[in-house]
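Reminder, nothing fancy here: chain letters follow the sequence lines and each chain counts from 1.
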Amino acid sequence: MPELPEAETVRRGLAEILAGTKIEGLEVFHPRTARYQNGGSAQLTQQLSGAHLDAVVRRGKFMWTLTSNGQALMMHLGMSGQFRPLAKQAGEAPVRHERARLYLSGGPAQSLSFIDQRTFGALYLSPTANTEDGAPAGCGSDSLLLPAGASHIARDLLDPHLDLVKVNQRIRKSKSPIKNVLLNQSIISGFGNIYADEALFVAGVHGARSASTLTRQQVAQILQAGIEIMERSLSRGGTSFDQLYVDVNGSAGTFADELLVYGRAGQACRECGHELSSISLNKRSHVYCANCQRPSRNLK
DNA sequence: AAGTAGACTTGGACAC
DNA sequence: ACGATCCAAGTCTACT
């Protein structure tokens, strides 16, 4: 499942393929992929044809590249999106689950396929505006131009311009379960179900606890754990829990064998041996150790 | 306004 | 064997 480390792995690959190239043509094979585009697939195709592309930028799980027509091409992986340079010719039949295809010139790849089994991913154009805090919009470029499509997304844990003190305060203002707050991309971006559960385990905090009951130190521990886990995962190309996430070369990430709780419900806690539990929070599974993560504990 | 619940999608797992 | 049901995910929309 693409979360921040997986998106950043893909961004690095995409940057080499897309930056400085020209889009010669575009085919959209599934209308849902262009569902956020005004005018749908036809508009996307028309507006992107002939456009020149800038650096590939990422904030949280949102990626984009600025185009010569003044808009940003938004690229979101959803839960199963993959970008692959498959060297396809115009008119060649789509491969299984291929939803769109770019034809490129001026770069290392002649084509770039967007493959997305579950169609939660998306490609669309968005207008841009300068960031309100005057810092670069995301990772991958110094540009301040932030697409409207990502303007509601908070800075992520690997962003050097993230204000950890403010985020800590904001989190503790919420009465929602801390797990839900971590998944709220408008408060802190980049977390998905995997890294949220992992960070909560490392910090020793039960995900059902109301964020407003946590101490500043506890929230700081959760955020610090998130930073360290995401950096470690990124260094291993991310987590490929199933076959839905691979990088632009088709390679899986290798962080799955380091996961401490995600996907391990019923197995032994790697810290204390207690059997790991699972509950549902906001319709998402939360795996935790009832011994290491006490719902009512105030301090670790 | 903050918070929650529903919708979307599809292939794999599972119980029958 | 086979249809049925549930599950997983990220984000947007709608409602309280």
Side-chain angles (χ1 to χ4, degrees), chain A residues 1-11 28-38 40 58-64 74-83 94-100 114-124 126 147-154 156-157 167 169-198 207-213 226 230 233 238-246 252-253 255-256 259 261-266 278-287:
Chain A
M1 271 51 70
E3 302 178 28
L4 191 155
E6 294 76 31
E8 174 59 15
T9 302
V10 171
R11 186 200 68 76
V28 180
F29 304 119
H30 197 302
R32 203 173 126 78
T33 296
R35 66 194 180 284
Y36 299 133
Q37 170 67 47
N38 285 334
R58 179 195 56 76
R59 174 185 287 220
K61 307 167 197 171
F62 285 72
M63 293 186 287
W64 66 85
M74 305 295 296
M75 299 172 281
H76 201 289
L77 300 173
M79 68 178 288
S80 60
Q82 308 176 355
F83 284 99
V95 301
R96 187 161 159 83
H97 299 137
E98 185 176 6
R99 310 306 190 191
F114 182 61
I115 296 164
D116 184 19
Q117 178 193 105
R118 310 250 166 120
T119 69
F120 277 42
L123 302 178
Y124 53 106
S126 174
S151 62
H152 62 302
I153 302 301
D156 60 64
L157 281 178
V167 171
Q169 288 171 347
R170 174 93 190 272
I171 288 173
R172 285 180 293 115
K173 277 183 186 158
S174 172
K175 293 175 186 144
S176 298
I178 179 63
K179 169 81 182 279
N180 297 2
V181 179
L182 294 181
L183 293 177
N184 185 337
Q185 308 293 303
S186 70
I187 294 176
I188 179 70
S189 73
F191 275 113
N193 216 27
I194 297 175
Y195 299 108
D197 274 5
E198 294 297 309
R209 289 199 53 185
S210 167
S212 62
T213 70
M230 288 188 194
S233 178
T239 302
S240 293
F241 193 73
D242 48 32
Q243 306 310 308
L244 296 182
Y245 161 70
V246 293
F255 193 69
L259 296 178
V261 286
Y262 181 86
R264 299 193 64 244
S278 179
I279 57 168
S280 184
L281 278 179
N282 223 23
K283 306 260 185 179
R284 296 288 180 265
S285 68
H286 172 51
V287 183

**From B:dG3, B:dT10, C:dG10, nucleotide with atom closest to A:Gln117 side chain** = B:dT10
**Fill in**
Out of C:dT11, B:dG3, B:dT4, minimum distance to the side chain of A:Phe62 belongs to C:dT11
**Request:** Take the protein atom CG of A:Asp116 and the nucleotide atom P of C:dA8, then report the distance between them rounded to whole Å.
**Result:** 20 Å
**Asked** Any donor-acceptor pair under 3.5 Å between the side chain of A:Arg284 and the base of C:dT11?
**Response** yes
**Prompt:** Taking CG from A:Asn180 and P from C:dA9, how many angstroms apart are they, rounded to a whole number?
**Reply:** 13 Å
**Prompt:** Atom NE2 of A:His76 and atom CZ of A:Arg58: how far apart are they, to the nearest 0.5 Å?
**Reply:** 11.0 Å
**Request:** For A:Phe241, report the nucleic acid contact type (base, sugar-phosphate, nothing); a contact means any heavy atom under 4.0 Å.
**Result:** nothing
**Message:** Quiz question: going by heavy-atom distance under 3.5 Å, is there a donor-acceptor pair between the base of B:dT9 and the side chain of A:Arg118?
**Reply:** no
**Message:** Return whichever of A:Gly149 or A:Met79 has its heavy-atom-nearest nucleotide of DNA chain C closer to the 5' end.
**Reply:** A:Met79
**Message:** Taking the nucleotide of DNA chain B with the nearest heavy atom to each, does A:Lys173 or A:Lys283 sit closer to the 5' end?
**Reply:** A:Lys173
**Prompt:** Just to confirm, is there a sub-4.0 Å distance from OP1 or OP2 of C:dT11 to any side-chain nitrogen or oxygen of A:His76?
**Reply:** yes
**Prompt:** How close or far is atom C1' of C:dG10 from atom CG of A:Leu244, stated in whole angstroms?
**Reply:** 13 Å
**Request:** Look only at the side chain of A:Ser126 and the backbone of A:Gly149, and say whether a donor-acceptor pair between them is shorter than 3.5 Å.
**Result:** yes
**Prompt:** Choosing from C:dA9, B:dC8, B:dG11, which nucleotide comes nearest the side chain of A:Arg32?
**Reply:** B:dC8
**Message:** In this structure, how many angstroms lie between the C1' atom of C:dA8 and the CE atom of A:Met1, rounded?
**Reply:** 7 Å
**Prompt:** How long is the span from the CE atom in A:Met63 to the CD atom in A:Glu8, to the nearest 0.5 Å?
**Reply:** 9.5 Å
**Fill in**
To the nearest angstrom, the OH-P distance between A:Tyr36 and C:dT11 comes to 9 Å
**Message:** Measuring to OP1 and OP2 of B:dT4, would you say a side-chain N or O of A:Ser176 lies under 4.0 angstrom away?
**Reply:** yes
**Item:** Side-chain heavy atoms of A:Tyr195 within contact of A:Ser233, under 4.5 Å
**Value:** yes
**Asked** Quick one: does A:Leu77's side chain get under 4.5 Å of A:Lys61's, heavy atoms only?
**Response** no
**Message:** Regarding A:Tyr262, tell me which of base, sugar-phosphate or nothing describes its non-hydrogen contacts under 4.0 Å with the strands shown.
**Reply:** sugar-phosphate
**A:His286 side chain near C:dA8 phosphate (N/O to OP1/OP2, under 4.0 Å)** = no
**Message:** Side chains of A:Met230 and A:Phe191, heavy atoms from C-beta outward: is any pair under 4.5 Å?
**Reply:** yes
**Message:** Distance check needed: C:dT11 C1' versus A:Lys61 NZ, whole Å only.
**Reply:** 9 Å
**Message:** What is the separation between atom CG on A:Asp242 and atom C1' on B:dT10, rounded to the nearest whole Å?
**Reply:** 12 Å
**Request:** Establish, with yes or no, whether the OP1 or OP2 oxygen of B:dG3 is under 4.0 angstrom from a side-chain nitrogen or oxygen of A:Ser174.
**Result:** yes
**Message:** Need one value for A:Arg35: base, sugar-phosphate or nothing, where a base atom within 4.0 Å counts as base even if backbone is also close, heavy atoms only.
**Reply:** nothing
**Message:** Does a side-chain N or O of A:His152 approach OP1 or OP2 of C:dC12 to a distance below 4.0 Å, or not?
**Reply:** yes
**Request:** Provide, to the nearest angstrom, the distance between the CG atom belonging to A:Leu183 and the C1' atom belonging to C:dC12.
**Result:** 15 Å
